[in-house]
Amino acid sequence: YDGNHKEENVSKGSGYYTLFHTVNATNVSIHDMVIHDTSNDVILIEYSSNVNVYKNIIWNPGHECIWYIYTNYSIVHDNIFDIECDAGVR
């Protein structure tokens with residue numbers, strides 16, 4: 001997925017255009033994708049459980065590659081990150 005940051009008139013990490021955002025999700029897998037050039041967080045998971053993120057390639061994120069907030073029983077593994085702004089996983 002091309003986040004198309006170059007064509008957007010927003011600063012990186014300013015809260016616009018999170019690519020994948022789930023709230024109160026259960027039993028979700030995000031895997032086998034190539035994601036690049038985003039304006040904000042690539043994957044944001046909130047108040048969820050059993051959300052597994054694996055075998056993704058993420059480069060040029062606008063902020064976090066993967067960010068879990070109040071999420072339980074979740075695993076991140078076998079991803080490749082090229083971090084330019086903040087963190088791979090938070």
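Heads up: numbering here begins at 1 and tracks the sequence. We use all heavy atoms of the structure for the numbers below, so side chains are in, but hydrogens, waters and symmetry mates are not. Please read these numbers as outputs of a predicted model, since none were measured by experiment.
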Write down the atom of [X], the atom of [Y], and the distance for their closest heavy-atom approach.
X: Phe81; Y: Gly88; value: CD1-CA, 3.8 Å
X: Asp32; Y: Asn56; value: N-OD1, 3.4 Å
X: Val42; Y: Cys65; value: CB-O, 3.2 Å

| query | Can you tell if the side chain of Ile80 reaches within under 4.5 Å of the side chain of Trp59, non-hydrogen atoms only? | reply | no
May I ask you to test the Ile45-Ile30 pair for a side-chain heavy-atom distance under 4.5 Å?
yes
Nearest-0.5 Å distance that lies between atom [atom1] in [X] and atom [atom2] in [Y]:
X: Lys55; Y: Asn79; atom1: NZ; atom2: CG; result: 10.5 Å
X: Asp78; Y: Ile57; atom1: CG; atom2: CD1; result: 11.5 Å
X: Ile43; Y: Glu64; atom1: CD1; atom2: CD; result: 12.0 Å
X: Ile58; Y: Asp37; atom1: CD1; atom2: CG; result: 12.5 Å
X: Trp67; Y: Arg90; atom1: CH2; atom2: CZ; result: 4.5 Å

Count I, L, V, M, F, W, Y as connected when their side-chain heavy atoms are under 4.5 Å apart, and connections chain through other members. Are [X] and [Y] then in the same cluster?
X: Leu44; Y: Ile35; result: no
X: Tyr54; Y: Val28; result: no
X: Leu19; Y: Val89; result: yes
X: Tyr47; Y: Tyr73; result: no
X: Tyr70; Y: Val51; result: no

Report task. Test Asp41 against His63 for side chain to side chain donor-acceptor pair (under 3.5 Å), laying out the working first. Result -> CA-CA 5 Å; Asp41 302 316; His63 197 239; 2.8 Å; yes
**Study point:** Main-chain N/O of Glu46 paired with Ser48 side-chain donor or acceptor, under 3.5 Å
**Key:** yes
*Mark yes or no for whether Asn52, through its side chain, and Ile75, through its backbone, hold a donor-acceptor pair below 3.5 Å.*
yes
Is there a side chain to side chain donor-acceptor pair (under 3.5 Å) between Ser49 and Asn72? Walk through the geometry before answering. CA-CA 5 Å; Ser49 64; Asn72 298 311; over 6 Å; no
